[in-house]
Amino acid sequence: MPDALEPASSGRAQCRGCGRAISKGELRFGEALPSAYREGESVFWFHAYCAACMRPEKVLALLASRTDEISERAELEGAARLGITHERLSRLCRAERASSGRAACRQCRELIEKGAWRLALQIFEEGRFQPSGFVHPRCAAAYFGTTELTDRLRRLSGELREADLAELAESLCARPGLAKTAVEDEAGKARSG
Ligand SMILES: [Zn+2]
Ligand SMILES: [Zn+2]
């Protein structure tokens with residue numbers, strides 16, 4: 001079976017990418033992969049936007065092969081193109097507050113403080129997403145090669161408030177790899193001499 005892009009016929013499937021339900025009628029992407037457990041293929045369903053973010057090559061190829069009207073086509077193409085330009089973007093799955101202070105940032109290797117924002121990563125292997133660590137928002141530019149993450153975070157993270165997104169957007173644009181205090185220290189030093 002080829003990959004599919006269609007309105008969901010029921011509200012029962014769960015998105016492989018973000019883990020939330022796909023509502024009935026919502027545009028979904030179905031990726032057919034060889035089954036690990038039996039002969040033939042299994043279909044993995046995603047919200048169309050999650051798939052554009054996390055499986056960009058496949059979504060772009062499918063969109064190119066379709067001439068019919070697809071809701072959100074421009075948005076899906078945009079997200080997929082950005083993901084192809086910046087390959088690591090397909091690993092981004094959500095922004096969240098760190099539940100412990102034990103995880104180190106994959107970019108700068110420093111611990112991410114408990115309660116601080118972190119960007120969760122996952123890697124797609126053998127039809128499954130595996131958690132793959134975290135990066136500081138301030139390290140996102142260095143890690144992903146872009147700070148154009150706000151649209152993705154809004155759509156992928158689900159329950160973020162606008163105030164959270166504003167805070168995240170600001171820390172995404174901080175100097176990569178440097179804590180805010182380090183930036184301020186440097187600015188202070190520059191001023192004093
Ligand atoms: Zn999703
Ligand atoms: Zn970092």
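When a ligand or atom number is given, it counts from 1 through the structure's own listing order. Positions are given from 1, in the same order as the sequence printed here.
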Side chain to side chain contact (heavy atoms under 4.5 Å, CB included) assessment of His136 paired with Tyr143: CA-CA 9 Å; His136 289 114; Tyr143 184 80; over 6 Å; no
Taking all non-hydrogen atoms of both residues into account, name the closest pair between Ser9 and Arg28 and its distance. OG-NH2, 3.5 Å
Does Arg128 CZ have over 12 foreign heavy atoms under 6.0 Å away? no
For the Zn ion (ligand 2): the N/O/S atom of His136 at shortest distance: ND1
Tell me the closest heavy-atom pair linking Leu160 and Leu165, and the distance in Å. CD1-CD2, 3.8 Å
Looking at Phe144, I'd like to know if the NZ or CZ of Arg88 sits under 6.0 Å from its six-membered ring centre while staying within 45 degrees of the ring's axis. no
Determine how many protein N/O/S atoms sit closer than 2.8 Å to the Zn ion (ligand 1), leaving waters out since they are not shown. 4
Compute the angle centred on the Zn ion (ligand 2) spanning SG of Cys105 and SG of Cys139, and express it rounded to 10 degrees. 120°
For the residue pair Glu96 and Trp117, confirm or rule out a side-chain donor-acceptor distance under 3.5 Å. no
Compute both the distance and the angle, then confirm whether Arg106 meets the cation-pi test with Phe134: under 6.0 Å from the six-membered ring centre, within 45 degrees of the axis. no
